[in-house]
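All remarks here apply to the structure that follows.
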Amino acid sequence: MLAAWPHFFTFLLSAAMIKLTRLNKLEFYLNPDLIKIIEETPDTIIKLTNDDHVLVLEKAEEVIDKIVAFRVRILQQSRHGIDTGE
């Protein structure tokens, strides 16, 4: 039973957030509902609703694609129930 927890935790993160990469190449998850502005200067800066900001390797268009995919996944899950991939 406990062996399933890491998979379930990863599922919860990916279901509620998008995976991005900091400039130091460390991956992290971000709740896209917190994004206020995305800028390329040329680094991609994501400004959050609490006025914090994060610099990421992904281009603005890639971040937007991840947000759109996230929203599509949420809509599909609301129509068909949640699929944990197991």
Side-chain angles (χ1 to χ4, degrees):
M1 173 99 176
L2 291 177
W5 279 104
H7 172 74
F8 185 69
F9 182 71
T10 302
F11 162 74
L12 287 178
L13 283 176
S14 64
M17 300 184 191
I18 58 174
K19 186 193 272 188
L20 297 171
T21 312
R22 294 184 188 275
L23 295 183
N24 63 4
K25 299 199 169 71
L26 291 176
E27 294 179 335
F28 71 103
Y29 290 90
L30 178 68
N31 180 340
D33 293 333
L34 299 178
I35 296 174
K36 181 167 56 172
I37 297 171
I38 303 172
E39 297 179 19
E40 284 184 19
T41 64
D43 292 331
T44 304
I45 303 170
I46 300 175
K47 293 186 181 177
L48 306 177
T49 58
N50 65 359
D51 290 330
D52 284 350
H53 67 277
V54 182
L55 277 70
V56 297
L57 288 177
E58 291 84 359
K59 296 293 183 189
E61 194 168 314
E62 292 175 76
V63 176
I64 291 167
D65 289 344
K66 289 179 181 233
I67 294 168
V68 169
F70 166 80
R71 302 273 184 238
V72 167
R73 209 169 50 241
I74 295 298
L75 286 172
Q76 289 173 340
Q77 289 172 356
S78 69
R79 290 184 181 153
H80 303 292
I82 296 175
D83 177 14
T84 63
E86 291 187 346

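Just so you know, residue 1 is the first one in the sequence shown, and it goes up from there.
No chain of hydrophobic side-chain contacts below 4.5 Å, direct or via other Ile, Leu, Val, Met, Phe, Trp or Tyr residues, connects L55 to V63. Connection of L30 to L23 is not established within any shared hydrophobic cluster, with ILVMFWY side chains joined at heavy-atom distances below 4.5 Å, either directly or through further cluster members. In the hydrophobic clustering of this structure, L57 does not group with I38; members are Ile, Leu, Val, Met, Phe, Trp, Tyr whose side-chain heavy atoms approach within less than 4.5 Å, directly or through other members.
What you find for E40 and T44 is that their closest heavy atoms are CG-OG1, 3.7 Å. Heavy atoms only, all atoms of each residue included: E58 and K19 are closest at OE2-O, 4.4 Å. Between L26 and N24, the closest heavy-atom pair is N-OD1, 3.1 Å.
Judged as a side chain to side chain contact (heavy atoms under 4.5 Å, CB included), and not counting sequence neighbours, the contacts of V54 are R22, F28, L48, V56. Every residue two or more places apart in sequence or in another chain was checked for a salt bridge (charged side-chain N to carboxylate O under 4.0 Å, His left out) with D43, and none qualifies.
For K47, the NZ atom sits in a loose shell: 12 or fewer heavy atoms of surrounding residues, nucleotides or ligands are nearer than 6.0 Å.
Here CD1 of I64 is found 9.0 Å from CD1 of I35. Values are rounded to the nearest 0.5 Å. Taking CZ of R71 as the start and CG of L75 as the end, the distance is 9.0 Å to the nearest 0.5 Å.
Between T21 and E27, some side-chain heavy-atom pair lies under the 4.5 Å cut-off. Under the 4.5 Å side-chain criterion, counting only non-hydrogen atoms from C-beta, I18 is in contact with I67.
Ion pairing between D52 and K36 fails under the 4.0 Å rule for side-chain N and carboxylate O.
Alongside I37, the hydrophobic cluster contains no other residue (criterion: ILVMFWY side chains under 4.5 Å).
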